[in-house]
Structure formats: C-alpha cells, structure tokens
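Take a look at the structure below.
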Amino acid sequence: MDWNIIKNKMKYISISLIILSASCNGQHEKNKKMNRQTNEKISSFNIFNDGGMNINFEKFITDNKERIRSEVNKYGYKVPDTNTFYDKIKFYYNWDIKDYTNIIVLENDMFPVVIKDYNLIYVENSDGEEIDGQLISNYNKFIFYDDNPALAWLKLRHPYLLDDLVSVYGFTENNDILKFVFSRTNFESKSVLIELLFQDHETKLKLREKMVKKLREIKFNNEISTDYGVVVGADVYSNFSDLIQEIRKKPNDFQKSDYQIAFLLNEIILSGIRGIVDEDLDENPDYIKVLQNNNYYGFERLKNYLEHEYSNSLSYNSKYKINDSDGYTNLRKEKNTSSEILQKISTGSEVQVLDNSGDWWLVQTKEGKKGYVYKTKIKAESFQ
C-alpha cells in the first residue's frame with residue numbers, strides 16, 4: 001500500500017535470514033512443482049523481492065524448523081489443536097489457511113509466518129535477533145490462548161506486532177488492543193492514516209468502515225457533535241481532508257471512490273468540522289449532484305447538512321490572514337486562552353480556515369499545524 005512503510009518494516013528481518021535466503025530459487029521451483037501436484041495453494045508473499053534483496057521464507061523456515069521449535073520449547077509453550085490453530089488465524093488475520101502449503105507468509109510485511117505442521121507462528125525481533133524463543137512463545141500464547149500476561153509483555157517489549165495486527169490486517173475485534181494501537185498512532189500522517197483505514201482489495205484500496213467506527217467508539221466514546229460550535233476530535237477528523245484529497249487525485253486507486261468520499265465527509269460532519277466539508281464542496285460543486293443522485297449514499301447527517309446548512313460559508317472567493325495588533329497571535333490546541341500554544345502566527349500570515357463556527361476558529365497554518373485562533377484575530381480578504 002505504502003512502500004515507504006513496508007521498507008521501514010524490513011528492519012525486522014535479521015541479517016542471517018537474508019543470507020540463508022540468498023540462493024533459493026532452485027528449491028522454490030521444486031516446491032512449486034510439488035505443490036502443483038498436491039493442489040495446495042502457495043502464498044504470493046512466500047518469496048520477497050525488492051531490488052537486490054531476494055528472501056525465500058519457505059527455505060528459511062524449512063532449514064530452521066527444529067531450531068525454532070527447540071527455542072520455543074524452552075518457554076514451555078504448548079501448541080494448540082489444529083482446529084483452534086486454523087480458527088484463530090482466520091479470526092486475527094482473516095486468512096483461511098486450510099488449502100495452503102505448510103509455510104505461509106501472510107502479508108508483504110514478511111512476518112508473521114505460519115508453520116502448519118507445528119501449529120506455530122514465527123515472528124522476529126525488531127532488533128534483528130534471529131529465532132527469539134521468548135518472543136515467539138508469547139506471541140503464540142496471545143494469539144491462540146488469549147493470554148493476558150503475554151499480551152502485556154508484547155505491549156511492553158514488541159508493540160509493533162500489535163500495530164501490524166491492526167493496521168496491516170485490519171483487526172478490530174479487541175477494544176483493548178485497538179485502544180493501545182490508537183494511542184501510538186500518528187493521526188497527522190496521511191500515509192499512516194491510509195495504512196490504518198484502508199485495505200488492499202482486488203488491486204484497489206477499500207475503506208475499513210468498521211475501523212473508522214471503532215476509532216470514534218474507542219478514542220471519542222462514540223461522541224458526535226450536535227452543535228456546529230462544538231468540535232469532536234479535531235486532531236483526528238480534520239486530517240480526513242487529506243484522505244479525501246488523495247481519493248480525488250487518484251480515484252482509480254480506490255474502490256467506489258465517490259462513496260468513500262461521502263463516508264469520510266459524513267464522519268467530518270459528525271465531528272462538527274463543517275469548514276472542511278464546505279471547502280471540499282466549494283471546490284467540487286459537481287460532487288453535490290453525485291450525492292443527490294445517490295440519495296447521499298444513505299448518510300442522513302450529510303444529507304441534512306447539505307440540504308439545510310451548507311451555504312458556501314468558506315467560499316474560495318476569500319482568503320484568510322492573521323490580523324493582530326501585537327504582531328502575532330497564538331495557535332491554541334483547545335478553544336481557550338489557557339490551552340497549550342502550538343505555534344505563534346505572525347500578522348499577515350495566511351491560514352486555511354477549516355471551521356468557522358463559534359468564537360474559536362479551527363485553522364491550519366502554512367506549516368501544516370492545526371489548532372484554534374480567536375475569530376477576531378482572523379481577517380477575510382477577497383481575491384482580486
């Protein structure tokens with residue numbers, strides 16, 4: 001999805017794994033021939049190629065299975081029965097592995113690796129330590145036995161594995177894990193938001209609607225704005241505008257792009273950030289007709305806003321600049337004068353107004369920071 005993210009995660013691969021996998025094509029061809037004869041499926045991720053790096057996970061696991069099992073046994077791990085093994089992998093990773101070969105890499109991120117004949121999942125230490133028995137044992141205890149001490153250990157020692165479970169595999173069934181991952185997520189990063197909220201589906205990106213709903217439930221207690229002067233989660237939902245812009249720039253990369261834009265606009269409206277919606281519709285007036293022709297895709301709050309509230313209030317006929325006799329004004333994290341100062345904005349600096357309801361306006365500076373400025377410190381100027 002985002003090759004920069006994937007490349008960053010390559011740090012989880014140990015040097016020894018790369019060396020062991022450097023000359024593996026012959027063995028891979030033999031495996032392919034055998035698997036064709038038995039009609040077993042081969043994961044498309046079992047061979048990783050990126051530039052000069054070629055990693056054969058089948059060969060690595062085959063060559064090291066006994067050592068892996070020996071290291072795990074040091075920590076008293078008891079393998080689950082086969083039905084539990086298959087069911088839990090389906091539950092956590094949304095993979096049905098019954099018809100696959102013995103060794104299965106589940107995603108481009110290269111870990112975890114499923115070893116069917118051992119009923120075990122192999123993962124690696126982010127420090128590159130090869131075959132960490134304690135890590136593998138705790139990870140498997142968490143996945144197959146819902147072991148809370150193992151989960152606590154992973155949170156403390158290897159939190160990136162829980163991040164991947166949510167952002168890579170779209171796991172949403174454990175609120176404790178989601179709360180932990182959301183607390184570590186940089187919602188100001190467009191690439192992070194895309195990885196978290198979208199999944200690859202039939203060569204296109206599909207919005208994880210349940211993940212978006214879980215975000216509101218867990219991070220904001222399902223709170224929605226009933227008054228456009230009250231904003232919910234501005235630090236998160238104001239960044240949805242970046243996602244909408246990405247979809248508009250590359251509609252063919254997204255599944256049902258018009259629907260996904262409507263879904264995100266509806267979430268922004270539910271948060272009371274009307275300025276972002278006004279701005280998007282001002283710039284894309286033809287999209288209003290798309291919404292009307294599709295009965296607003298069933299989003300009642302979006303429909304009500306467009307039919308009764310929307311009035312081009314942030315028209316592109318105006319631009320907004322800071323106007324303060326002190327020579328600057330403070331960009332605040334919250335809507336009050338005692339709130340944290342995020343930035344000092346010089347008088348005359350242009351800002352983007354994201355929401356102009358109430359006395360404190362939500363703005364974005366040219367440096368990309370978002371926060372609140374008292375409305376009297378902002379002056380609208382008409383374009384010439």
Side-chain angles (χ1 to χ4, degrees), residues 1-6 163 166-172 178 181-182 184-220 224-225 231-288 290-291 294 296-299 301-302 305-306 310 314 352-355 362-365 367-371:
M1 181 189 307
D2 187 315
W3 287 108
N4 289 326
I5 292 174
I6 292 172
D163 295 341
V166 173
S167 63
V168 176
Y169 298 97
F171 180 69
T172 57
L178 289 174
V181 172
F182 290 161
R184 291 166 41 83
T185 300
N186 177 14
F187 290 101
E188 294 185 359
S189 167
K190 182 173 68 174
S191 62
V192 170
L193 273 178
I194 289 176
E195 188 185 35
L196 176 67
L197 301 181
F198 291 85
Q199 69 181 75
D200 286 314
H201 183 76
E202 298 176 352
T203 73
K204 295 193 175 186
L205 295 176
K206 179 181 180 181
L207 186 65
R208 290 170 170 159
E209 296 182 23
K210 187 171 182 179
M211 187 72 73
V212 178
K213 292 176 181 177
K214 280 291 185 179
L215 179 60
R216 186 176 296 276
E217 173 190 338
I218 292 169
K219 195 168 178 64
F220 303 107
I224 62 174
S225 174
V231 174
V232 176
D235 57 330
V236 173
Y237 294 104
S238 61
N239 297 307
F240 278 20
S241 61
D242 294 335
L243 302 180
I244 292 171
Q245 290 173 18
E246 187 72 14
I247 297 172
R248 290 204 183 280
K249 284 193 299 184
K250 303 175 183 178
N252 293 331
D253 290 352
F254 294 83
Q255 188 179 84
K256 298 180 180 178
S257 58
D258 285 337
Y259 169 81
Q260 295 193 64
I261 290 172
F263 188 100
L264 294 171
L265 287 174
N266 190 65
E267 287 296 317
I268 294 169
I269 283 295
L270 287 172
S271 299
I273 312 175
R274 59 187 293 174
I276 290 177
V277 177
D278 290 348
E279 181 179 336
D280 183 78
L281 297 177
D282 285 353
E283 190 176 35
N284 302 280
D286 291 343
Y287 183 66
I288 297 175
V290 172
L291 291 173
N294 289 277
Y296 300 90
Y297 296 99
F299 298 119
R301 187 66 179 271
L302 182 60
Y305 179 73
L306 264 73
Y310 172 63
L314 296 179
Q352 179 184 5
V353 177
L354 303 177
D355 185 64
L362 178 64
V363 305
Q364 180 171 333
T365 67
E367 292 81 12
K369 292 187 178 295
K370 297 176 183 178

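Model, not experiment: these values are computed from the prediction. FYI, side chains are in, hydrogens and waters are out, and symmetry mates aren't considered; it's all heavy atoms of this structure.
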On a heavy-atom basis, the closest approach of S225 and S271 is CB-C, 3.7 Å

In terms of heavy-atom contacts, does NZ of K204 have more than 12 from other residues, nucleotides or ligands at under 6.0 Å?
yes

Check: L243 and Q260 side chains under 4.5 Å, non-hydrogen atoms
no

Check: N294 and D258 side chains under 4.5 Å, non-hydrogen atoms:
no

Tell me whether Y287 contacts the main-chain N or O of A262 through its side chain, where contact means a donor paired with an acceptor under 3.5 Å.
yes

Locate the shortest heavy-atom distance separating E279 from V353; write the atom from each residue and the value.
OE1-O, 4.0 Å

N266 and Y297, any side-chain heavy atoms less than 4.5 Å apart:
no

Would you say the rings of F299 and Y296 are close, in the sense that their centroids are separated by under 6.0 Å?
no

Return the CG to CG distance between L205 and L197, rounded to the nearest 0.5 Å.
11.5 Å

Side chains of Q352 and S241 in contact at under 4.5 Å (non-hydrogen atoms)
no

Rounded to the nearest 0.5 Å, the CD1 atom of I273 sits from the CD atom of E267 at a distance of 10.5 Å

Residue that, paired with L264, satisfies side-chain contact (heavy atoms from CB on, under 4.5 Å) out of V277, I276, I247:
I247

For the side chain of N239 and the backbone of F187, is there at least one donor-acceptor N/O pair under 3.5 Å apart?
yes

Sub-4.5 Å side-chain heavy-atom contact between E217 and L178:
no

Measure the spacing between CG of L270 and CG of L265 and express it to the nearest 0.5 Å.
11.0 Å

Distance col, row Q245:CD vs F240:CZ, nearest 0.5 angstrom, shows 14.0 Å

Gap separating the CG atom of L193 from the CZ atom of F198, nearest 0.5 angstrom:
9.0 Å

Given D253 and E246, is the side chain to side chain contact (heavy atoms under 4.5 Å, CB included) satisfied, shown in steps?
CA-CA 9 Å; D253 290 352; E246 187 72 14; over 6 Å; no

D235 vs K370, side chain to side chain contact (heavy atoms under 4.5 Å, CB included): CA-CA, chis, key distance, verdict:
CA-CA 7 Å; D235 57 330; K370 297 176 183 178; over 6 Å; no

Within-4.5 Å side-chain heavy-atom neighbours: L306 and L281
yes

Can you tell me which residue among K214, K213, R208 is in a side-chain contact (heavy atoms from CB on, under 4.5 Å) with T172?
K214

Please give me the minimum heavy-atom distance between G272 and D355, naming the atom from each residue.
O-OD1, 3.5 Å

Taking the side chain as C-beta and beyond, is there a heavy-atom pair between D280 and I268 under 4.5 Å?
no

Can you classify the ring geometry of F263 versus Y259 as parallel (below 30°), tilted (30 to 60°) or perpendicular (above 60°)?
tilted

What is the distance from atom CG of D242 to atom CD of E188, rounded to the nearest 0.5 Å?
10.0 Å

